[in-house]
Amino acid sequence: MRAAGRAVRARLRDRIAASDPGLLRLTAGLRTVGAIVLTLAVLSLLRADVHLLVAGAMAAMVATFAIREKQLGAQAVTLALGLPVALASVSLGAVLNSRLVVGDAFFVVLIFCAVYGRRFGDRGTALGLIGFQIYFLSLFVGATVDTLPELCGAMALAFCSSALMRFAVVPATPTGVLMRLRLAFRARLAQLVSAQLELLDARADEMDKALEAVREGTARLHETAMMIQGRLEEGTPDESAARLVQRRIADAEIAAERLGLLLLTARTAERADTLTLHLPGAPAPSLAGPQMPDEAGATLRRDLRALHALVLRAGSGDTGTGLAHVRNRLLGYRDEENLPPASAALQDVFRGIGESARAVLGLRIALDGPQDESDDTPATARSREELDAEDAAIDGGEDAAQEEQTGLRRPTTRAAVQVAVGSSLAIVGGELLSTQRWYWAVLTCWIVFLNTASTGEILVKGYRRLLGTVFGVVAGIVLAGLVGKHTWTAFALVLVLIFAMFYTAPLSYTLMSFFVTAMLGLLYTLLHTYSLDVLVLRIEETALGAACGVVAAALVLPVQTDRRTNELLGTVLDRLAEVTEAAVGQLSGGPADELLDRARDLDQALADLRAATQPLIHPVTPLRTRRHTARYVVALLETCAYHARTLAATAELLPTHPSIAADPRLRGAAGRTVRNIEAIAARVADEHAGARVETGPSIASLLGSDAGTPRYGRITDRVLRHLERLDEAVVGLARPLDVPVAAPKG
């Protein structure tokens, strides 16, 4: 019974870790709700009235969610600076509340300064957010000079409650967050292996669904890897440890993605296109037969289940002989003589399982340190030696400095001007709708500019906020009717909605807006200002604020979506060319480079492009052809990034891996691919550029061979396959981007 209970708890823990990597959303929700509860408890003991309770609760929420730094010391400094900013903001709000013109003018200046403060990093962003939100709070609760002492006391209490929750009750050290992210990576890796197992057994009518599950699992694994990358510097004791984790995460991600592609190839009539794993909605290729061969299929199912168990137990502290037996069997597939008799495609899958097991072993060593080696087979011992040699070769590198934009070209300055103009329009329009609650339009205008960089992104965010607000108003009406005048029941529901708001914020902006609006309906009930007209006015003010934001973004220093995506596309192509050229250079015998850092820079640039294309691929976009083109281009770039990432990881193995050696012929053979990437980048930057994409013989044929010499010399088949796939994907980018393709010479 105890063993079964432990197994259930372990599965539940893994599910939570996979759904919320690092428990970041859970931590944010618990901190915020805890700070509000503590503030309300103290204020209720002091017999504060309901207006003060609402003000304290909102201040505690702001003081908690505004802080974004990763180091605890930096968080403490920002929180300490935030209190005087909050006191000054609420005091000015109380003084200027009755002075229409001066108060509105100050609000616009405050908004400009708050947005401009983002250029100073997380601290500037947090202080600007606190200043704006607390001023808004003073308008919401109708602050006056007479109530100012009590409000300032509530502010101080709220900040103290937030500090207590952050540093004592729900602490989150960088090291702890990174460890939880590692566990989340392991859980998501196990989920991906499960999806691959389902792909192996899927019938013809189930292939599309199984393939979509593999796509989703691959994307979620990559998302967690990127989150870990962002926490390495703060969460590891030194640069060597950070590089070790980075290497092991990259190895596991690449091995898992490659295993999925090999499985898909084994199930289909011909070699699967890598793009199939990256293009949402792409149909699964036709099957080679109704099911896997009985004996080979049974062995493959057994080994995939074993790999799944190995992944789940990596880093768990379990060092039993059963685990060692499974690990030894799977690592044995890295030796040709241990491969079971099967077709070439199936043998590739077993090789992929062996490489995945090696990656899991590396993860286990990175998480738990050296393990008992008494049960190692020769294949396992060889894998350990390779990992130890790679670890010894790890060294740190320096980041290249980037040129900073100045003046109105700086994104923060441009956004500050835009939001100031939009807020001015929202103030005028909002006061025409309501002289008492005009600030809702300003709040919406402010919010749609957060984390957006183009007119299209602002339009989509405004649409999502309006949609969430409409449904939130309906929920607010229902909840207000159910709660009535039961104050503490309303506060309890407010806490539930706040937790839901923070937990769903990274997942869906529409859901977050829904919970915010439903919560406001309850707050209005507590303030005895609830009515159906008030909630309808909320929709009107939201629509007005979103419209003002879009108008300001479109007319004042506009950044068109096409221009934004083209800039980011150019950045992705530049990073792709850098990674490819550096990896091929190292594979050709050139000097070592920080290839994994370059690969992660490529991944980050691609993530930025993916976010910027959301307005183009949104379901409400009327231009269907453009939407399909954007999806296709991003999928092709993800395919290119996968192959470039794999080449980079392989090149970094050169000093330590006995089966990989430099081949100088690679530089010339892959030169065409790099030139094609640069040609596409030039065409994206200037549509009148005369750059063309070259086609020609395959990469393998360009290497040539001498009589009596193995076809590929000292370069493995895998390196050639990735180079050829990368070359094909780059040429494939030419058509959707309208880049001319030059016919082969000869």
Side-chain angles (χ1 to χ4, degrees), residues 20-36 38-39 59-89 113-134 155-182 184 226-243 245-246 396 398-399 401-402 404 410-412 415-416 450-451 502 505-506 597 600 604:
D20 181 15
L23 303 181
L24 299 179
R25 290 185 283 126
L26 180 64
T27 299
L30 290 177
R31 277 180 177 172
T32 306
V33 170
I36 293 173
L38 186 57
T39 302
M61 181 174 67
V62 173
T64 305
F65 78 73
I67 311 299
R68 295 298 182 190
E69 285 109 335
K70 300 181 180 69
Q71 295 287 357
L72 294 180
Q75 294 175 14
V77 171
T78 303
L79 196 60
L81 294 174
L83 180 56
V85 170
L87 295 177
S89 187
C113 294
V115 176
Y116 186 78
R118 296 182 206 170
R119 66 167 296 199
F120 301 108
D122 288 337
R123 180 163 298 157
T125 301
L127 295 179
L129 191 58
I130 289 171
F132 171 83
Q133 293 286 0
I134 296 298
M155 298 291 114
L157 174 61
F159 273 75
C160 291
S161 300
S162 177
L164 183 62
M165 293 300 299
R166 178 177 295 275
F167 301 117
V169 181
V170 191
T173 63
T175 303
V177 171
L178 182 59
M179 179 57 70
R180 290 196 293 271
L181 283 172
R182 293 177 188 175
M226 293 297 293
M227 293 175 72
I228 291 173
Q229 177 71 17
R231 299 272 177 170
L232 282 176
E233 184 177 347
E234 294 84 4
T236 48
D238 54 50
E239 195 168 1
S240 293
R243 294 283 296 168
V245 175
Q246 182 188 35
E398 296 182 359
D399 296 331
Q402 296 183 347
E404 185 180 1
R410 182 183 287 121
T412 50
L450 293 178
N451 301 319
F502 280 92
D597 287 341
R600 286 308 178 196
Q604 186 57 59

If you look at every heavy atom in [X] and [Y], which pair is closest and at what distance?
| X | Y | value |
| --- | --- | --- |
| Leu157 | Thr39 | CD2-O, 3.8 Å |
| Ile130 | Phe159 | CG2-CZ, 4.1 Å |
| Val245 | Arg182 | CG2-NH2, 3.2 Å |
| Ala158 | Ala60 | CB-N, 3.4 Å |
| Pro21 | Ala184 | CA-CB, 3.5 Å |

For [X], side chain to side chain contact (heavy atoms under 4.5 Å, CB included) partners two or more places apart:
| X | value |
| --- | --- |
| Thr125 | Arg118 |
| Phe167 | Leu72, Gln75, Ala76, Leu79, Ala163 |
| Val177 | Leu24, Ala172, Arg180, Leu181, Arg231 |
| Thr64 | Arg31, Thr32, Ala35, Ser162, Arg166 |

Applying salt bridge (charged side-chain N to carboxylate O under 4.0 Å, His left out), name anything that partners Arg25, two or more places apart in sequence or on another chain.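 Salt bridge (charged side-chain N to carboxylate O under 4.0 Å, His left out) check on Arg25 returns Asp20.
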Any chance you could measure [X], atom [atom1], to [Y], atom [atom2], to the nearest 0.5 Å?
| X | Y | atom1 | atom2 | result |
| --- | --- | --- | --- | --- |
| Leu129 | Phe65 | CG | CZ | 4.5 Å |
| Gln246 | Arg600 | CD | CZ | 7.0 Å |
| Met155 | Leu83 | CE | CG | 9.5 Å |

With Val170 as reference, evaluate Val33, Thr27, Leu164 under the side-chain contact (heavy atoms from CB on, under 4.5 Å) test and give the passing residue. Thr27
Gln71: what forms a side-chain hydrogen bond (donor to acceptor under 3.5 Å, both in side chains) with it, not counting sequence neighbours?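 Result, side-chain hydrogen bond (donor to acceptor under 3.5 Å, both in side chains) vs Gln71: none returned.
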Excluding sequence neighbours, so at least two apart, what forms side-chain hydrogen bond (donor to acceptor under 3.5 Å, both in side chains) with Thr78?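 Applying side-chain hydrogen bond (donor to acceptor under 3.5 Å, both in side chains) to Thr78 gives Glu69, Arg123.
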Excluding sequence neighbours, so at least two apart, what forms ring-ring contact (aromatic ring centres under 6.0 Å, His included) with Phe132? Phe107, Trp446
